[in-house]
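By convention in this document, chain letters (A, B, ...) are assigned in the order of the sequence lines, proteins followed by strands, and residues within each chain are numbered from 1.
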There are 4 protein chains.
Amino acid sequence: MAKDSENTRKKILDSAFELFATQGFHDTSMSQIAQKAEVSKGLAYNYFTSKEHLLGDILEQTFLDSMASWDRLMGKISTISDPAEKVRVMIDFYIDQLTTNQNFYRLYLSLLLQPQVLANLKPLLEKLKPRTDRIQEESYDLFRAMGSKDPEAEMWFIKSLINGVLLSIITAGDMIPLERVRQLLLEKYIAVSQN
Amino acid sequence: MAKDSENTRKKILDSAFELFATQGFHDTSMSQIAQKAEVSKGLAYNYFTSKEHLLGDILEQTFLDSMASWDRLMGKISTISDPAEKVRVMIDFYIDQLTTNQNFYRLYLSLLLQPQVLANLKPLLEKLKPRTDRIQEESYDLFRAMGSKDPEAEMWFIKSLINGVLLSIITAGDMIPLERVRQLLLEKYIAVSQN
Amino acid sequence: MAKDSENTRKKILDSAFELFATQGFHDTSMSQIAQKAEVSKGLAYNYFTSKEHLLGDILEQTFLDSMASWDRLMGKISTISDPAEKVRVMIDFYIDQLTTNQNFYRLYLSLLLQPQVLANLKPLLEKLKPRTDRIQEESYDLFRAMGSKDPEAEMWFIKSLINGVLLSIITAGDMIPLERVRQLLLEKYIAVSQN
Amino acid sequence: MAKDSENTRKKILDSAFELFATQGFHDTSMSQIAQKAEVSKGLAYNYFTSKEHLLGDILEQTFLDSMASWDRLMGKISTISDPAEKVRVMIDFYIDQLTTNQNFYRLYLSLLLQPQVLANLKPLLEKLKPRTDRIQEESYDLFRAMGSKDPEAEMWFIKSLINGVLLSIITAGDMIPLERVRQLLLEKYIAVSQN
DNA sequence: AATGAATGAGACTTCATTCAT
DNA sequence: TATGAATGAAGTCTCATTCAT
């Protein structure tokens, strides 16, 4: 049945994802992936053209999921009238994403820093561009609605802030007092933005 | 002469550094390093026990340089009396470091995200721990002096912010309006911290 | 129905033949064959024990067809009295075969040059030996009837000549002025043989 | 010393040549080549970028040798005045080449029949084109000097004849009465050409 | 101090073949 | 009869590392 096949595909995908995220793309071999998925090496190649395609499929899937989350967020935000509250919700959303999808972001960041690997993902990123552009614009609009003097810089600022927290979470793990930092972030950011 | 030897060592170190930073650790081979350093592979192994030791030596050197910079910064900061001004100078220092040592930080981040590689660097990090701990404490003191309610969270916050900007610089390159973001960072941060 | 089954078998056989001839035996996979035949891989293995057996069956079929052609030729030649005319008709026959069955001969030649593959076809060639031997004898007789001093050498000579032209056709394709070469062959050969 | 290195290279080249010629390109693995050359697999890749480059280098070397032989032949022929004698010497030369370089020609023919492999050799053939063109022209001139009505067809004819004999030698091995066929070829050809 | 030839483990990938359904 | 998921052996190639010179 198609279901069996889907399960196998998912098993491979999941195994690869976890290994890529925890060991890195290069330090994970197809053998390890197959072994973890309890599948032969050859079978993995029945489902995915190459190791890089496997990575691509993982990213695509997670990007799409993540974008769907964003769309739900936008729906929710559209029902809020206070701009500051909108931003607060958005920030909450981000922090939430980071903590729940930590593995994914760890993988994603490590790829961003590996030009050779990244090059092969160009087509995927190109394909997703329309949707990422829209997200960028929607963020931009949120800040403009808040009355920011320089919404573009603001967007990069918050993006960097978020990514930085992500990085701290990933690298320092449990050492970081996440809840307190989150409070700080909300307090400060909202406060500032209301200036 | 010892000087010749020192030069050779440095040539290898520099070549490896540049290649690691731009291509990643895994995508750089000892052959490439030797070639760029205009040296034989064998000779590189006379100076560095293994590829990983070579990486370790690069990091150690750069960490030491960076720590020396920090010490100079602390000296300068001790002559300032206004706590907010102290923090401003520290932030300026960070941003400066990031932009001038971009290559190093790119490498460092990518390593942070590759546990497998990182594991081999444990001894080095252990060795440097006393000094990094001291830096952490000194930052902590700066925030306490500023009257922060939660200096520890504050420290992580600013650290994340800095790292996030770093990440943006590295990954988005010229697209990011760095100067405007820097202004924003200073404005906002100082303003907030004075609350 | 048996007819359906026959059709399926033929579709597989034809697809394999075309692919083997144009891409070579090694560079053709069972997957490609099955795909071209619009059949599952498993089904192909229901009809043919192995890739090599499939090749064997192709060759056998074509050899048998080719031998039947030869038999018809012999019938026609037996009605001719002039020995030289007999040879002329035979040569015409060969050239015709070559140009119409080019794909087959391309495949056959490439196999002749791959001992490893050829080895597995030994049983087939052994099985066909009686008929090929008879053809050889009949050629031999034709030359003897023409009064050749050394019919055996003559037979090899004409065989080589034919195969050589075949090779030229296959490898040089349209560059070779086939019609003029054919004229030359007939002229010269007949002329010489009449000496 | 460079000599050692040259020897190793030659050992690999020779081993590969023999295996390619007797087993075919595809049925020869780099492992086999390395083993026959008494060398590690890795070392073979120090000398030759890929299996296909190895093949390319073999062909190039043999082509160049063969062309040098042709040049020597032309020198010798230029001292002969009788056109028929010139052609006779040329034919002798060809037959000689075929029997002494049988392995090479077996390999070459099998490649001619494998489009996929051949495709990768395009650059090499392109590079050698000026010299092969010159040889073609010189052959052409020989026939014109003999007063042939259609030198172009004649050239293809003799070329095919030669290749056909080659094919017979390769595939039928010792069964072919080579010396008698050679006599026949010379007799007939010279006779005909003098018509 | 310096070379680079040599090794060998291990990575990615392909493909003929089998088998449960 | 028919499918295609699954296997595993084998192939090409890379690269950190060693060692004779």
Residue-phosphate contact under 4.0 Å: T8(C) side-chain N/O, dT1(F) OP1/OP2 = no
request  = Would you tell me if any nitrogen or oxygen in the side chain of S31(A) comes within less than 4.0 Å of OP1 or OP2 on dG10(E)?
outcome  = no
Residues in ring-ring contact (aromatic ring centres under 6.0 Å, His included) contact with F48(D), at least two apart in sequence or another chain = none
remark   = Heavy-atom nearest pair, I12(B) first then A44(B), reads CD1-CA, 3.9 Å
task = For DNA chain F, determine which residues of residues 10-30 of chain A have any heavy atom closer than 4.0 angstrom to one of its atoms, and list them numerically.
result = none
note = Note: contacts of residues 41-50 of chain A with DNA chain F (heavy atom, under 4.0 Å) are K41(A), G42(A), L43(A), N46(A), Y47(A)
ask   = Of all residues at least two apart in sequence or in a different chain, which pass the salt bridge (Lys or Arg N to Asp or Glu O under 4.0 Å) check with K122(B)?
value = none
How long is the line joining [atom1] of [X] and [atom2] of [N], in whole Å?
X      : N       : atom1 : atom2 : result
L54(D) : dC13(F) : CG    : C1'   : 13 Å
H53(C) : dA16(E) : NE2   : C1'   : 14 Å
K51(C) : dT14(E) : NZ    : P     : 15 Å
E52(B) : dC15(F) : CD    : C1'   : 14 Å
Q35(B) : dC15(F) : CD    : C1'   : 14 Å
N7(D)  : dA20(F) : CG    : P     : 20 Å

message = Tell me whether T28(B) contacts the main-chain N or O of L19(B) through its side chain, where contact means a donor paired with an acceptor under 3.5 Å.
response = yes
query = Any sub-3.5 Å donor-acceptor pair from R106(D)'s side-chain atoms to I170(D)'s backbone N or O?
reply = yes
inquiry  = Quick check: do S110(D) and Y105(D) have side-chain heavy atoms less than 4.5 Å from each other?
reply    = no
key: Comparing Q32(B) and S40(C) on DNA chain F - which has the more 5′ nearest nucleotide   = S40(C)
request  = Please check if any side-chain donor atom of Q114(A) sits under 3.5 Å from a side-chain acceptor atom of Q23(B), or the reverse.
outcome  = no
query = So, D65(B) versus Q61(B): side-chain donor-acceptor pair below 3.5 Å or not?
reply = yes
query = So what's the dot-bracket for DNA chain F: Watson-Crick or G-U pairs under 3.5 Å, [ ] if a pair crosses, | if it pairs off-strand?
reply = .||||||||||||||||||||
query = Quick one: do R9(B) and D14(B) make a salt bridge, cutoff under 4.0 Å?
reply = no
request  = Going by the ring pair (Phe, Tyr, Trp, His ring centres under 6.0 Å) test, name the single residue among F63(A), F25(A), F17(A) that passes it with Y108(A).
outcome  = F63(A)
task = Could you list all the salt bridge (Lys or Arg N to Asp or Glu O under 4.0 Å) pairs where at least one residue sits in residues 25-52 of chain D, not counting sequence neighbours?
result = E18(D)-K36(D)
